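A quick note: this is a predicted structure, and the numbers were derived from the prediction, not measured.
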Amino acid sequence: MSGGGQAHRWIAPAQLSHGAISAAIADPIQKRGPGKLWFYALLATLPFVLVTLGAIGAVLTVGIGLSGVNTTVVWGFSIANYVWWIGIGNAGTLISSMLLLTRQRWRASINRFAEAMTLFAAGIAGIFPIIHLGRPLYAYWLAPYPNTMDLWPQWRSALVWDFWAILSYILFSALFWFTGLLPDLATMRDRATTRRGQLIYGALALGWRNSARHWQVYETYHKTMAALAVPLVCSVHSIVGLDFAASLMPGWQESIFPPYFVVGAMYSGFAMVVVIAIFVRWGLRLQSVITPAHFDVMGKVMLFASVVMTLSYATEWFMAWYGGEHPDRDVVRYFFEGDYRWFYYALIACNCVVPQALWFPFARRNLWVLAGISVVINIGMWLERILIVWNTLSHGHAMSLWRTYHTSLYDLAILFGPLGLFVLGFLVLVRIFPIVSMHEVRQISHDEGAAA
Amino acid sequence: MVQIFRPGADTVARVVLASIAAAPILSVGLAYAVWRSPYATQQEVTREQPVPFSHEHHVGGLGIDCRYCHTSVEQAAFPGIPPTETCMSCHSQIWTNAPMLAPVRTSLAEGRPLEWRKVHTLPHYVYFNHSVHVAKGVGCTTCHGEVQTMKLIRQVAPLTMGWCLDCHRDPAPNLRPREAVFDTNWTPPPDQKTIGAQLVKAYHIKSPERLSECSICHR
Amino acid sequence: MSAPLLAEFETPEALVRALRLARADGHRLLDAFTPFPLEELSGALPPPRNPVRLVMAVAGFGSAAAMYGLQWYSAVVDYPLNSGGRPLHSWPVFTLVPFEFGVLAAAVAGFATLLWACGLPRLNHPVHDRPHFERASQDRFLLLVAPKDGPAPLRRRLEEAGALLVSEMYG
Amino acid sequence: MPPLSAPSRREALGLLSAGIASGLGACAKPSEELVPYVVQPELLLPGVPARYATALSLGGWARGVHAIAVDGRPIKIEGNPLHPASLGATDVFAEAAILDLYDPDRARTVTERVSGIASWDMVERALAAPLAQTRREKGKGFRLLTGHVTSPTLLRQIAALLQAMPEAIWHVHEPLDDAAALRGAELAFGRPLRPLPDPGRAEMILCVGADPLGPGPDQIRFGRAFIDRRRDPARFGRLYVAETALTQTGIKADARCALHPADAAGLLAALANALGAALPAPDLPPEAARFAAAAAADLRGAEGRALVLVGDALPPELHALGHWINGRLKAPVTYTAPLDLAGDRAPADLATLAADLDSGAVSCLAILGCNPVQTAPADLAFAERIGRAGFSVHAGLHGDETAGATHWHLPLAHALESWSDLRARDGTASLVQPLVRPLYGGRSDHEILSLLAGEPATAGYDLVRATWHDQGGGDFEGWWRKALHDGVIPDSAAKPVEPGAARLPSLPKPPDPGFAVELRADPCLYDGRYANNAWLQECPKPVSKQVWGNALAVSHAEAARRGLEAGDVVVLGLGGRQIEALVAVESGVADGAGALTLGYGRPRAGAIGNGIGADGYRLATVAAPRLLPGVSLDRTGRQGEVLRTQNYTQIEGETKKLFRQIVLADLPQAKPKGIGADRPTLLDPWTGDADGHAWAMVIDTQACIGCNACVVACQSENNVPIVGPEEIARGRMMHWLRVDLYDSGTPEAVNAGFQPVPCMHCEHAPCEPVCPVAASVHDGEGLNLQVYNRCVGTRFCEANCPYKVRRFNFFGYADGQPYATMGAESIKAQHNPNVTVRARGVMEKCTYCIQRIANERQASERDGRPMGAVATACQSACPTRAITFGDLAQPDDPIRALRQDPRHYALMEELNTRPRTTYLADLHAPNPDLGGRT
């Protein structure tokens, strides 16, 4: 899927020179002011951010009882949100690593913000396991550290695996992202017109000077990291899947969960990338580097993921029937007939039915349609996560304690609030760092023979 | 183009990077040091008491047995704090007018208890039983130190869970014959190792695995 | 010995041409500064040290092994606790954390090695004093060559190859 | 159990322990204090529980108990094995009495209606003049109103008072009394006699509207004898129950008939006719007729071993008919003459008092320990009539509805604070001794009565001793000590009376066939006196599993006919009076009838009980106090919520799997089911510690009568907090032990049983490997531990617990964020010091009462002896001994035999959890003539 057939598929011919690329990406930050729209957007995120902070403050002081969790359905929005956000992060890593390794060049113009998305999403995801605890102050007990109690974490728990997976994932993503940013920080330093800009970008660039020797070490490290990122990201999502699969609850105890979580994560992650790419492209006028071909190929990825997800659901139903265990069959019946059936139908519609539109090129090229489908997918994937939690816990082995979740205001706050936090992160980011990797676009423009 | 940074900036940058790497390790180490320190464990802290009762005088000097005042130490979890009448059984005869003992006399006269400040405090979720330890040959001074030398009682041991576990995992070095439990001047004999091992058997002390199970101390 | 010359080219092709010419003349190539990595340069200008992969492997496997050891020590030796009747040494699940930790350690160690191999951080470097050096991170391709004898023949060669600007580099 | 002669020895309310209990956290702050005694009480070890025998009353009847105190604080009630009405077990009310003691809403001071807070001196002065006047007039106009009294001392005092004031009248009002039965005996035998049936000898039992296994003073004795007999398959017999709505007895029935109350007479008449009476042939619905025929055949075939019980709500004539039938069947029933008389004077009833109040004949009214304003039939309009008394005084535990209507209110001391004595149903007397001085300055009813009698102030202690002084013989002090120690007074049971042949009564005319409502004793609040007890409010009702409220139970068919759904608010009307009630649609309710429990809707119960539920008393009349005929039922269109802790009882495919039921005839073929130890697994089998204990529990579901004594006992023993109705509505609860109800039948023909579910203490516990901090681990004795102080609250353990027995502190229910008044200092005094009070955000669950195991282990270690038996709180509370706890490692432990019982099975053994708590299957003997269990 390289740019072979079509001359300048991954870069628009209008602005092609290396200098023009730098200007297109760096000038909105360094030359042009943020603009009214940016401020409005920032203002719009504020209530969300305040709601998030308020909700976190409230849950830390009043208690996790604020959530709709109860004696039977002991997990709820926090867990679903966690899985959803960590899934969002997935696409960033996949775009930068898997596509790098497979030499998918189109990744160059989107990998930076996809990685930033990973970072923010993983960071936000990391909040949820902590605030869902009964005693969040003791979250650090999951880490092995010298203590006067002579105690250690209980390594057989999937939550300890989770702790390490998230920790590794966040730090790894940050390093990966920062490494890729280094040469661009040097560009920013060199283009800076103010002393402050020079100092800040200069310090962050660590003295990077585009030396051919630096480039070689850089390439070694970056490629190795990419090679590590693929198993890492798969393991992270497998472990998230194991949070459920390593149990004995019907509907959770399924060996399909780890791969199914990885694909699901990719699915929602790509959908989120598409949404962000549309906004970034429009907001920063990056039509030259983010082209319809990008959207087309991402649409195909989503279509592929949709098919795999549908297959996974079908496998789940089939295995429940084929396995013949009463609790498994019963929980699948509960999907369709139980208290949350309407959510389940919505899930199927969002994740399996609607994305089939992507078979049509029109849907992949029309940004409105594509954005709509992507949002639908993200909603569907959140529903999937909450339903994994709800369906099994509400309808477990002990019939006498079957009961449903009681969604609370706090739940809604931590569902919608972090979206604002996420957008805020992006808004700040686009004003500080180049949102598209300049050196990689330069290279692409060179390799595509587009450089004048 | 001109240099943005002076040559010294390189050093600063290196130090900053090294600090970022070292910070987590150092902070964990610092936290651990603080948790172990007497500041956190309240070790060696002497507290002011309503009456400056001296174990040095009563135990070391007069040789009064621990159980004279701590009456339930052999029968109950709680060793017992002597009621005012125990003090007055002697001090109605001697030092009857000592100003130092005025609170004791007032307490008896008014029927209002003395309010001692607690020195050895365990968290409320720890269920320590004095009688079992005494019956198994753990001497008073093993945990409470040489009370016969203390003018005001203070906590000698850290009383952390790790400290408890040290003995629960290997009780032998801290065991003594039952008859020596209340002997404040007892010192381990040179062959404590063999004697300790014999006492573990003789007193049917449970295995280290069992003794380090959560339910031994927590419920 | 005269000072090395820093030549500025507009295209990578020009730089590569100049590089070939200079090398053919027996001049010593010191470095090149380009806004993106050029494959042609990798053979010509090998880094003095590039142990990134080795360090990452050692750090990764070493940390993973250490983490496995810590799990084993804490769960089997230091404080064995019966957790649902599972074996104290539950090796299949003990492999997960070492993997995550190994990847993390490899990444961190690799980054440290990257900095070390590139001699970073180096905020103050003489090359920054050169005119137009800031364009090396944008749209110019710079080549640093130490002349064999005097600077003049090399300068000529570089200009022939299309150098826009050739300056001497001191210090 | 040290016998104690005077209260002075335990005066101090745990000053010592209060100092210790305030310990907090690892960062010890220097402010903590140790407060020793000034003078140490003898025989009291600090922190070591001491037991005292005493008795608690329910409807005036005694149930002997042991009250356990630590450092002078009563913290727990257990049964007294020597007492005939306790037999070592308790019921919910006895267990919860400990919370009543500490209720911060209890009356704390004497109050006067106008000027408010007053003192005992003031009331003595105020009473002096009117009482002197009354005495001069030989008691004319003086009325004493009490609840049902069995206390020999109180009866002696009343008799003395009536002797001194011959014109005075003593009235008794007990809302849930056995007046109809007494009256029935009078009709049958010509004199009031109290029947005491022996279900231990009666193999064929028919209950018509009776719920002997339900709440009441005889529940423990009846339940124990009934179940003990049924343990022998040869004497299993058959239990027939005909009732308006499902009760605990109905659930244990082998054959059951949902009977409209109007048909009760017909059913009994049909039975009587089958036994030779020539009553007019009744007009029974076909189903009831078939039921009656089947029951009659069985009863007739078991002469001398058959018994008929008639419900207290049914009219006296039917009781008389019951007596006649029992006479014919030679039923094992002992009759005794009533002992609850003051000398030879029987008390007058409430209706007379109301009439006298109306006519202005009452100048001075004293109400002692009862609450007629709340519990009197509504047509007496007692609240208004009380105002017509010249002078009224009320003594009660709470400033309740009656307190608000009288001139004076006096705080009454709790049974655990005062000296008294009480009789059990069989007449056995017990001494009631205080464990603490009155917390709120109350006085006992003896002391108040002596005040009313104008006697010099006498301590309750002396009054009680005076009653028994002649009994003791030469060595009164020795006798007294032994009576106190044992908790029963020897040879005080009533002597059986030969009643003679019963007369066949003439049956009353059938009542209105319209919609009938049966008012019942609430299984948690009884008659409403426990409405302010949060443990009881949150205790799930055995059948409906409802908490924090009551609801009108109607059948599915009735609901469909009237277009009602569960949770609808309806208006019930009778005789111009109306109440609003929630509707609950339940299985096993007779069409055309409903059932509502009493005790709710109280306006002045206290912070816990105010305004919860519907008040059935507002519909009751003197003529029909408990069976309301012809009630109108109208929808309001509003919706409420019936708060339940169990939402599903009948699920096809689930109930059969979780709840093993065996028919008696199949018992010989039944094989014990193990814990799944033969199933393939990768894990090593359980290996115990060298220590040698392996704790396990077996629960006999056949023996469980669903009474909840275990639930409240566990709550009391383990400092289990209550969460309040709002939290229940969110699906949260804290009970460590729940009693599940499973019904594999249909809404018309229930086939149900109870299954208490504590923690299973699985050998391969699924909750443990998922805990990231090892807060959930196993110990060498097989206990599944929950280390609260290590718990961070991920709740993964509960998510992965197939039995869902773990409970999470979503808020600081016990620690910082309590419901209503449950955080009061006085409530904290009830906490068991040997159990950690759990903080917000930690998981908790059944520990097999690890503190009891630990205390016994430590005592044995201390004394160098092998461990003795350990009883969990639930086990010791159980009236029917359905719960057995023991050590699998001891070869002679009875629990090993139970694990080999053919009825043995484990819950979800297919999940490979290897539970330590296992069950014995429910057992029934359905009548084949009725086609299975109905």
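- Each of C/P35, C/P37, C/G119, C/C118 has some count of heavy-atom pairs under 4.5 Å with chain A, and the biggest count is that of C/P37.
- At distances below 3.5 Å, at least one donor-acceptor pair connects side-chain atoms of A/W215 with backbone N or O atoms of C/T34.
- With hydrogens and angles disregarded, no donor-acceptor distance shorter than 3.5 Å links the side chain of A/R209 to the backbone of C/F33.
- Across every non-hydrogen atom of C/F36 and A/H439, the tightest pair is CB-O, 3.5 Å.
- Per-residue counts of heavy-atom pairs under 4.5 Å with chain C were compared for A/A246, A/A205, A/S211, A/S22; the largest is that of A/S211.
- The two residues C/N50 and A/Q216 come nearest to each other via the heavy atoms ND2-O, 4.1 Å.
- Contact count against chain A (heavy-atom pairs under 4.5 Å) is highest for C/S90 among C/S90, C/A106, C/A105.
- The shortest non-hydrogen separation linking A/S168 to C/L104 is OG-CB, 3.5 Å.
- Residue C/A107 comes nearest to A/Y221 through the heavy atom pair O-OH, 2.7 Å, listed as atom of the first residue, atom of the second, then distance.
- Highest contact tally toward chain A, considering only C/P12, C/S83, C/A75, is held by C/S83 [criterion: heavy-atom pairs under 4.5 Å].
- Ranked by heavy-atom pairs under 4.5 Å with chain A, the list C/P92, C/P87, C/G60 is led by C/P87.
- Annotation: side chain of A/L171 is not in contact with side chain of C/V108 (no heavy-atom distance under 4.5 Å).
- Note: C/F101 and A/W164 meet the aromatic proximity criterion, with ring centroids under 6.0 Å apart.
- Scanning both residues, C/S137 and A/N210, for their nearest heavy atoms gives CB-ND2, 3.1 Å.
- Between chain C and the residues A/K223, A/E219, A/R191, the most heavy-atom pairs under 4.5 angstrom are made by A/R191.
- A/G207 and C/L123 get closest at one heavy-atom pair: N-CD2, 3.6 Å.
- When the candidates C/M56, C/R135, C/R49 are compared by the number of heavy-atom contacts under 4.5 Å with chain A, C/M56 comes out ahead.
- Here C/Q138 contributes atom CD and A/R442 contributes atom CZ; the two are 7.0 Å apart, rounded to the nearest 0.5 Å.
- Counting only distance, with no hydrogens or angles, the side chain of A/R156 and the backbone of C/L88 share a donor-acceptor pair below 3.5 Å.
- Here A/T179 contributes atom OG1 and C/L114 contributes atom CG; the two are 6.0 Å apart, rounded to the nearest 0.5 Å.
- Ranked by heavy-atom pairs under 4.5 Å with chain A, the list C/A117, C/A44, C/A136 is led by C/A136.
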